[in-house]
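Here's the structure, in structure tokens; my notes come after.
None of the values given here were measured: they were computed from a predicted structure.
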Amino acid sequence: QVQLEESGGGLVRPGGSQRLSCAVSGRTFRSYTVAWFRQAPGKEREFVAVDSRRTGTSYVTDSVKGRFTVSRDNAKNALILQMNNLKPEDTAVYYCAASASVIVSQMRSPSAYSTWGQGTQVTVSS
């Protein structure tokens with residue numbers, strides 16, 4: 001079992017940038033698929049990005065493509081979500097999630113992940 005801890009949230013102005021980090025501890029980082037989700041008030045949890053060295057999958061969802069990127073910092077055992085040109089609609093609690101066995105076709109589904117971080121709030125407002 002791994003443990004996840006998000007950091008890097010906060011208040012940012014529209015058009016600004018934010019860098020979120022998901023620190024993974026407890027097991028071999030490389031063997032886990034790690035994903036970012038977000039949840040705005042009154043809305044369902046939404047897939048944002050995923051990185052899986054086991055399957056060779058790494059991408060962000062279409063709605064943030066061109067603004068967000070996902071990458072791994074292997075030295076720090078962390079999954080990084082770099083968010084640029086932020087918009088008010090990006091306001092949400094951002095969660096990272098991990099699974100050792102999720103298959104590619106299920107990577108966008110929150111129910112496929114067994115381990116979650118506590119979440120970090122990102123607020124985009126002027």
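Closest heavy-atom contact between Asn84 and Ser17: OD1-OG, 2.9 Å. When all heavy atoms of Thr33 and Met107 are compared, the pair lying nearest together is OG1-CE, 3.9 Å. Shortest non-hydrogen contact noted between Ser63 and Glu46 is OG-OE2, 4.1 Å. Among all heavy-atom pairs drawn from Ser21 and Ala78, the shortest one is OG-CB, 3.6 Å. Contact detail for Leu86 and Arg67: the closest heavy-atom pair is CA-NH1, 3.8 Å. Summarising the geometry of Ala92 relative to Ala40, their closest heavy-atom pair is CB-N, 3.8 Å, with the distance given to 0.1 Å.
Residues Thr115 and Ser99 are not in side-chain contact: their nearest non-hydrogen atoms beyond the backbone lie 4.5 Å or more apart. Side-chain contact between Pro110 and Glu44 is absent, with no heavy atoms from C-beta onward closer than 4.5 Å. Proximity of Arg38 to Tyr95: side-chain heavy atoms (C-beta onward) are nowhere separated by under 4.5 Å. Taking the side chain as every heavy atom from C-beta outward, Met83 and Val64 never approach each other to under 4.5 Å. In this structure, Arg72 and Arg53 have side chains that are in contact, with non-hydrogen atoms separated by less than 4.5 Å. The closest side-chain heavy-atom distance from Tyr32 to Val24 is not below 4.5 Å. Looking at Val70 and Ser58, their side chains come closer than 4.5 Å, going by heavy atoms from C-beta outward.
Within 6.0 Å of the CD atom in Glu89, the count of heavy atoms belonging to other residues, nucleotides or ligands exceeds 12. The 12-atom threshold is not exceeded at CD of Glu5, counting heavy atoms of other residues, nucleotides or ligands nearer than 6.0 Å. Heavy-atom neighbours of Arg54 CZ from other residues, nucleotides or ligands within 6.0 Å: above the threshold of 12.
Here the SG atom belonging to Cys22 is positioned 8.5 Å from the CD1 atom belonging to Ile80, to the nearest 0.5 angstrom. Taken from CG in Asp90 to OG in Ser125, the straight-line distance is 12.5 Å, to the nearest 0.5 Å. With values rounded to the nearest 0.5 angstrom, Cys96 atom SG is found 7.5 Å from Gln118 atom CD. Atom CD of Gln3 is separated from atom OG of Ser25 by 4.5 Å, given to the nearest 0.5 angstrom.
With no hydrogens or angles considered, a side-chain donor-acceptor pair links Thr61 and Arg108 at under 3.5 Å. For the residue pair Ser111 / Ser109, a side-chain donor-acceptor distance below 3.5 Å is found, with atom types taken as modelled. If you check the side chains of Thr57 and Ser52, you find no donor sitting under 3.5 Å from an acceptor.
For Phe47 and Tyr113, the distance between ring centers is not under 6.0 angstrom.
The aromatic rings of Tyr94 and Phe68 lie tilted to each other, with the angle between the two planes from 30° to 60°. Using the six-membered ring where Trp is involved, Phe37 and Trp116 have ring planes that are tilted, between 30° and 60° apart.
Leu20 and Leu4 end up in the same hydrophobic cluster when Ile, Leu, Val, Met, Phe, Trp and Tyr side chains are linked at under 4.5 Å. Both Leu81 and Val34 are members of a single hydrophobic cluster when ILVMFWY side chains are connected at heavy-atom separations under 4.5 Å.
Under a 3.5 Å cut-off, the side chain of Gln82 and the backbone N or O of Arg19 do not form any donor-acceptor pair.
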Handout entry: Verdict with supporting geometry, Trp36 and Val50, side chain to side chain contact (heavy atoms under 4.5 Å, CB included)
Key = CA-CA 6 Å; Trp36 283 101; Val50 66; over 6 Å; no

Practice task
Could you walk me through whether Val48 and Val60 pass the side chain to side chain contact (heavy atoms under 4.5 Å, CB included) test, one step at a time?
Solution key: CA-CA 6 Å; Val48 177; Val60 300; 5.6 Å; no

Exercise for the section: Please lay out, stage by stage, how Thr91 and Gln121 fare under the test side chain to side chain contact (heavy atoms under 4.5 Å, CB included). Expected result: CA-CA 8 Å; Thr91 295; Gln121 175 72 46; 4.0 Å; yes

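The pair Asp62-Lys65 counts as a salt bridge, with a side-chain nitrogen and a carboxylate oxygen less than 4.0 angstrom apart.
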